[in-house]
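One structure is given here, and the rest of the page talks about it.
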Amino acid sequence: MTPTWYPDWRGQRCVIVASGPSAVEQPIDLAHGRARCVAVNNSWRLAPFADVLYASDAAWWRENEHAGFGGLRVSRSDVDGVMRVAIRDKGHPLRDVMHFDTPGVIGAGGCSGFQALNLAVQFGATDIALVGFDARVDNGVHWHGNHERTGNPTRWTAAIWVANLDAAASALAGRGIRVVNCSPVSALTAYEKMGLEEWLGLDS
């Protein structure tokens with residue numbers, strides 16, 4: 001059964017804003033009113049208009065409990081005032097998959113970005129732009145610097161993100177879901193790359 005708090009985004013476009021340093025280089029504000037939006041962790045500050053804020057870790061919510069985000073808040077963790085989804089993985093960090101057919105149950109993927117993408121797909125989005133999905137740490141870990149209380153990425157964790165996100169591409173395409181990567185420096189290789197302005201059709 002679909003959770004009662006799930007929005008209905010069937011057939012709609014969605015921007016997912018993650019925390020890679022390249023996120024600040026995209027004109028995210030142009031997506032306001034043109035696409036649904038899921039912000040990951042601190043990136044709600046780049047997209048305060050986002051429909052959904054997703055953060056996996058309870059530690060992040062404790063660190064940011066007074067964040068002024070007014071939309072839907074979602075996590076895999078049990079946090080007061082935050083809607084919860086369950087995580088189901090394959091028991092191996094490099095072999096996780098997206099889950100399409102059990103609303104409220106998503107794959108782990110090693111990061112909140114993977115989980116946010118899985119969530120947007122379950123909401124029904126069929127044309128998705130990934131912003132700030134750099135999946136590397138040599139250019140910096142986040143656009144906002146290190147988290148103080150939450151774990152920060154390493155080369156090893158970034159490799160897990162790449163493996164799981166790239167592996168999901170064929171399953172997404174098989175479902176008729178278009179995913180484009182708006183990070184020009186992203187380590188992901190399985191998704192078409194373009195600027196957010198181009199994806200929005202505003203570059204002409």
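Note: hydrogens, waters and symmetry copies are ignored here, and every other heavy atom, side chains too, is used. Since this is a predicted model, take the numbers as computed values, not measurements.
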* To do: Please work out which of the three classes, parallel, tilted or perpendicular, describes the rings of W5 and F123, given edges at 30° and 60°.
  => perpendicular

* To do: Give the minimum heavy-atom separation between K193 and V185, together with the two atoms involved.
  => NZ-C, 4.3 Å

* **Atom of A18, atom of V40 and distance for their closest heavy-atom approach** => CA-CB, 4.0 Å

* Spacing of CH2 belonging to W44 relative to CG belonging to N64, to within rounding of 0.5 Å -> 8.5 Å

* Give a yes or no answer on whether the side chain of W61 reaches the backbone of A55 with a donor-acceptor pair at less than 3.5 Å. => yes

* **Check: G104 main-chain N/O paired with Q122 side-chain donor or acceptor under 3.5 Å** => yes

* Structure fact -> In this structure, CD of Q115 is separated from CD1 of I16 (nearest 0.5 Å) by 11.5 Å

* Output the distance between atom CZ (R10) and atom OG1 (T126), rounded to the nearest 0.5 Å. => 11.5 Å

* To do: Ignoring hydrogens and angles, state whether a donor on the side chain of S19 or N42 is under 3.5 Å from an acceptor on the partner side chain.
  => no

* Provide the closest heavy-atom pair for S75 versus D57 in the form atom of the first, atom of the second, distance. => OG-N, 4.4 Å

* Asked: So do the side chains of V38 and L119 get within less than 4.5 Å of each other, counting heavy atoms only?
  -> no

* Structure fact -> All heavy atoms of E192 vs all of R178, minimum pair found to be OE1-NH2, 4.0 Å

* **Student check: side-chain heavy atoms of V74 and Y6 closer than 4.5 Å** => no

* What's the spacing between I128 CD1 and Q12 CD if we round to 0.5 Å? -> 11.5 Å

* Asked: Just wondering, do C111 and T157 contact through their side chains at under 4.5 Å, heavy atoms?
  -> no

* May I ask you to establish whether R34 and W199 are in a cation-pi arrangement, using a distance under 6.0 Å from NZ or CZ to the six-membered ring centre and at most 45° from the ring axis? => no

* To do: Would you check if E197 and C182 make a side-chain contact, meaning some heavy-atom pair closer than 4.5 Å?
  => no

* Do P7 and L72 have side chains that get closer than 4.5 Å, going by heavy atoms? -> yes

* **From N41 atom CG to L53 atom CG, the distance as rounded to the nearest 0.5 Å** => 7.5 Å

* **Contact summary for A187 and D166, nearest pair of heavy atoms** => O-OD2, 4.5 Å

* Just do the side-chain hydrogen bond (donor to acceptor under 3.5 Å, both in side chains) check on S186 and N181 with the steps written out, would you? => CA-CA 8 Å; S186 177; N181 185 354; 3.0 Å; yes

* **Candidate list L165, V17, V179, test side-chain contact (heavy atoms from CB on, under 4.5 Å), partner F133, passing option** => L165

* Structure fact -> When every non-hydrogen atom of Q26 is compared with those of L196, the smallest separation belongs to OE1-N, 2.9 Å

* Among L117, V121, N118, find the one that has a side-chain contact (heavy atoms from CB on, under 4.5 Å) with I106. => N118

* To do: Given side chain to side chain contact (heavy atoms under 4.5 Å, CB included), test R76 with Y54 step by step and report yes or no.
  => CA-CA 9 Å; R76 68 172 175 85; Y54 184 85; 3.7 Å; yes

* Within one Ile-Leu-Val-Met-Phe-Trp-Tyr cluster: L200 and V24, side-chain cutoff 4.5 Å -> yes

* Looking at OG1 of T4 and CE of M83, how far apart are the two atoms once the value is rounded to the nearest 0.5 Å? -> 8.0 Å

